[in-house]
Amino acid sequence: MDLLVGVLSRRLSVGDRWELERLVAEPPRHVGADLAFPLMRFTRGKAGRDMVEGILEELRESPLVARAELVGGFLNLWLEPREYSRRVFEALSTMGERYGAPPSLGRRLRVVVEHTSANPVHPIHVGTARNTSLGDTLARMLHFYGHEVNRRFYVDDVGAQTAYLAYGLHKLGGPGEWRRLSQGWKPDHWIGLVYALTYQLVELAGLKKRIEEARREGGEEYRELVSQQDRLVSSLARLRERHPEVFDRLSRAVLEDPDPQARVYEWIRLYERGEEPVRGIVRSAVEMALEGMRQTLDRLGAVFDAWDFESDLVWGGLVAEILARARQSPYYTLHKEAEALDLGRLAEDPEVRRRLRIPGALEVPPLILRRSDGSTLYTTRDIAYSVKKYQETKADLIVNVVGKEQTLPQAQVRLALYALGYQEVAERMLHYSYEMVNLPGRKMSSRRGEIVTVDEVLDSLREGALGEMQARGMDYPKGLREEIAEKIAVGALRYFLVSVDADKPLTLDLREVLDFNRNTAPYIQYSYARASGILRRAGQAPNEPPSHDPAGTPEERWHLLKLVGQYPYRLGRAVAELRPEYLVEYLGRLANAFHKWYDTDPVLSEEDPDARAYKLALVGALRRVLGSAMRILGVEPLERM
RNA sequence: GGCCCCGUAGCCCAGCCAGGAUAGGGCGCCGGCCUCCUAAGCCGGUGGCCGGGGGUUCAAAUCCCCCCGGGGCCGCCA
């Protein structure tokens, strides 16, 4: 690969290696070559034909090249297995555990990856798990490659949702009482229930008022309101079953309040001003929610370097600074009563669109920064947060893993940053967007308290894994069995969630994930366990083979060796394009190549000691590459399963 | 209504940005392989007007235009 690109780069005088590298392809099977390159676009005319001769000649001189031919405009290369093997093992030996990463990185980038940032009012659900899996995998990929990564979780504690939650919790008493009431519950699950109850009870109170008023007039509106009320009541009845005591106390307290809706709105403003006791109540509520979330994130293997509270941006004055700058800006405008930025004009500049990666012909309406009641909006605070992330890290790239539905607000944030003089920040921000996760037959709504939590999905996957182990008669001791099942469950979910293009909606069919069907984490883990088993039985295994391909190269072994040698290149592409699914595809092929070889060319019963040593070294190399790529994807390698 | 994303076998997906060889996998279905390193495996078979139409090109799943279908966004929510 390097050889080919090197020669081509010189002969074709193409400076950009990446340009050539991406064109190198696997030839179709009927050709039988190891590498192919479409030369026709570079070699038109007579001068081109001479150039081709030169290229072929130079390539044929290399000990790595067995054969080089030009067929129908394609340059086809056959490699010399011994020489290739020598080079692969040399790279493995010099790079050690870092095999796959570049020996020297052109420039070490500082990268911020902000991901998950789930609203604390409810537990992490399967959609968020896609965010976590993508974000954490990107971070691991970049880190392994040699970049400096900073992982951040943005705690969204300002605004209506946490105000509802805190208001409800307050009606139940203080943190001590919350603990008592949530006995036997995971903290975030209990918080989610209180939030859903509070939200619906406040809704109900408001609805009752409006029904009173509409009763006199009667008619269509009245009937509509009553039917809304019926739906709310039946939803509340379902929630009551989960925790009758909490329900009863909460409903009494909320319905006693003369105007719960107004109270909640007041709390939003009080919290934003940082006034006690609201400030303390909200913070305790959020702490409790985060405690539960951290348990789930730990389970998924996601760790963070920083937890940034949205409220700190407000109290620390950064949001005020953004507003002050906005008022000086030529884009400043009043939208009805509210302060806003009119970004439409800026968004029309094609140069700005390109630099800020504004998609297609996206139309950009004015961005409201401050409500007429004086409170700020999420997007306003996000502008401040972007500035903070940059100021604290001076990052070259700020990756925000945020749902696709937020394409417009994300674009508005970048444009606003640009408009307010933070061009540098704006240009370094990347909205890494991903589509929703659907569950067949289940419609999620956090306000109704109906969400499919990651915890329950993982539990169900773990049960499935345990069942499978039992069916296969694996009789590990109890602790080990549970540990393996848990690692299979987490791996299966994470692997699945990053396996398809983030731009495509994903359907999480639990039965399907439980099937462990083809290119899944268990398939990869199984390959790793098989390789581990061979090495365990062999006792000592050489890291480097004494000789390369002593007894010729069967097709299956050659194919595996080539894939092992491709790891640096495949990982490089995944990192450059921030596409974890490339790694998934690669792992699937690698595991498959190993299984095929395994079935045709026994290792341990090989009698020729040189050949046996070589095979063991190859198993070791494969195991190392599998393990490395698995860890990047958050899939735990298993010695046995 | 405007805008964004997606559309490839019965089902799920890769390839598209940066056009090149006979469009690749997987699931499902049918049939094989455990006296031998873990059968969560392997082998064989089955299945495609690449959503439709037009254009650009020596060459189009890939680029451009129109249309159709699915999802999303257009809020003093996030």
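Just the heavy atoms: all of them, side chains too, but no hydrogens, waters or symmetry mates, feed the values below. Proteins get letters first, then strands, A, B, ... in listed order; numbering begins at 1 in each.
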By nearest-nucleotide position on RNA chain B, the 5'-leaning member of R573(A) and R579(A) is R579(A)
For the residue pair R640(A) and Y476(A), would you count it as a cation-pi contact if the rule is NZ or CZ under 6.0 angstrom from the ring centre and within 45 degrees of the ring axis? no
Determine: side-chain N/O of Y523(A) to OP1/OP2 of C42(B), distance under 4.0 Å, yes or no. yes
Are side-chain N/O atoms of Y271(A) and D157(A) paired as donor and acceptor at under 3.5 Å? yes
Quick test of the criterion, 5.5 Å between centres and less than 30° between planes. Is F74(A) stacked on A21(B) or not? yes
Determine whether any donor atom in the side chain of D599(A) lies under 3.5 Å from an acceptor atom in the base of A39(B), or the reverse, and answer yes or no. no
Which residues share a side chain to side chain contact (heavy atoms under 4.5 Å, CB included) with L377(A), sequence neighbours left out: I368(A), R371(A), T380(A)
Report yes if at least one side-chain N or O of K504(A) is closer than 4.0 Å to OP1 or OP2 of G7(B); otherwise report no. yes
Please determine, for the side chain of P28(A), which listed nucleotide (A40(B), C76(B), A21(B)) has the closest atom? A21(B)
Would you say a side-chain N or O of K404(A) is under 4.0 Å from OP1 or OP2 of C6(B)? no
Sub-3.5 Å donor-acceptor pair from the side chain of H431(A) to the main-chain atoms of T407(A), do we have one? no
Cut-off 3.5 Å, side chains only: do E339(A) and Y332(A) have a donor facing an acceptor? yes
Give the rounded distance in Å between these two atoms: CG of L622(A) and P of C37(B). 19 Å
Please determine whether a side-chain nitrogen or oxygen atom of R537(A) lies at a distance below 4.0 Å from atom OP1 or OP2 of U38(B). yes
Hydrogens and angles aside, do H595(A) and S527(A) bring a side-chain donor and acceptor to less than 3.5 Å of each other? yes
Verify the contact: side-chain N or O of N592(A) to OP1 or OP2 of C42(B), cut-off strictly under 4.0 Å; return yes or no. yes
With nearest nucleotides of RNA chain B determined for L604(A) and E435(A) from heavy-atom distances, which residue corresponds to the more 5′ nucleotide? L604(A)
Phosphate oxygens OP1/OP2 of A21(B): is one of them under 4.0 Å from a side-chain N or O of R29(A)? no
Parsed dot-bracket for RNA chain B after applying the Watson-Crick and G-U rules with both distances under 3.5 Å and | for other-strand partners is (((((((..((((......[...))))((((((.......))))))....(((((..]....))))))))))))....
I want to check one thing: is the phosphate of G41(B), taken as OP1 and OP2, less than 4.0 Å away from some side-chain N or O of K596(A)? no
